[in-house]
Each structure stands twice: as structure tokens, then as C-alpha cells.
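Worksheet: one structure, shown below.
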Amino acid sequence: MASLLDPIQIGDIHLPNRVIMAPLTRLRGTSDHVPTQLMVEYYTQRASAGLIISEAFRLSRRALATRMYPVFGRRSKSRLGSW
């Protein structure tokens, strides 16, 4: 039986272990909904996880339930460049 720390192949993706980190939203975007360096640091610290499904985000400003979410739908250079 495989353990959590054994490697796994999922399609074309080879993962070093079976740890999968779900998407999160920790409200670390700017007030203009741009991803920040703090988000980069957060994922860098967890880069040894088997698979990281990155930041959950809103597709539209109308879908915002709270402030500081990164928004992908409005295509500004600052937002796209930050991802």
C-alpha cells in the first residue's frame, strides 16, 4: 500500500509525494485586487508539497464577498503580471 510520502504519476505530471494542497484565499491581495509578493512567499514556502492548487480568486468584481481577494476577470496588466 502506498504512503502519503510516496511519489505518484497523475497523467503527465510526476509528483514527489501524494500531498495535495487545496486552493485558499487568505485576503492577501491589494485593495485593487492585485496579487502581492506576500502571496508569492506563501506558495514558495510550501513548494515541496506534491501539488499546490493556487489561490482561489473571483472572476468578477460583482462576485466579491469581501475586500482583498485577487480578481482575475478584469484584465489589467498589474493583475495578469502578478499571477
Side-chain angles (χ1 to χ4, degrees):
M1 181 174 186
S3 80
L4 184 64
L5 299 177
D6 287 338
I8 188 170
Q9 186 80 26
I10 302 175
D12 293 337
I13 301 171
H14 176 77
L15 302 173
N17 57 54
R18 295 161 187 259
V19 176
I20 298 176
M21 187 174 134
L24 304 169
T25 299
R26 294 158 320 286
L27 307 178
R28 291 184 177 171
T30 68
S31 59
D32 292 327
H33 309 289
V34 175
T36 64
Q37 188 60 37
L38 186 58
M39 294 163 70
V40 172
E41 181 180 338
Y42 176 86
Y43 288 111
T44 300
Q45 291 169 347
R46 290 150 180 83
S48 64
L51 175 64
I52 298 175
I53 302 170
S54 67
E55 193 79 14
F57 58 83
R58 300 292 183 240
L59 294 175
S60 155
R61 183 176 288 282
R62 294 176 70 191
L64 289 175
T66 187
R67 299 179 325 146
M68 311 303 266
Y69 275 110
V71 175
F72 192 69
R74 292 194 170 195
R75 296 180 186 227
S76 73
K77 288 183 181 181
S78 61
R79 289 191 189 119
L80 291 177
S82 296
W83 285 107

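Just the heavy atoms: all of them, side chains too, but no hydrogens, waters or symmetry mates, feed the values below.
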Residues that Leu4 engages under side-chain contact (heavy atoms from CB on, under 4.5 Å), provided they are two or more places apart = Arg18, Val19
ask   = Can you find a pair of side-chain heavy atoms, one from Glu41 and one from Leu38, that are under 4.5 Å apart?
value =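 With C-beta onward as the side chain, the pair touches.
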message = Let me check something: do Ile53 and Ile13 share a hydrophobic cluster, defined by ILVMFWY side-chain heavy atoms less than 4.5 Å apart, either directly or through other members?
response =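 Looking at the clustering, Ile13 is in the same group as Ile53.
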note = Contacts of Gln37 meeting side-chain hydrogen bond (donor to acceptor under 3.5 Å, both in side chains) (sequence neighbours excluded), chain-then-number -> none
ask   = How many angstroms lie between CD1 in Ile8 and CD1 in Ile20, if you round to the nearest 0.5 Å?
value =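 Spacing of CD1 (Ile8) from CD1 (Ile20) equals 7.0 Å.
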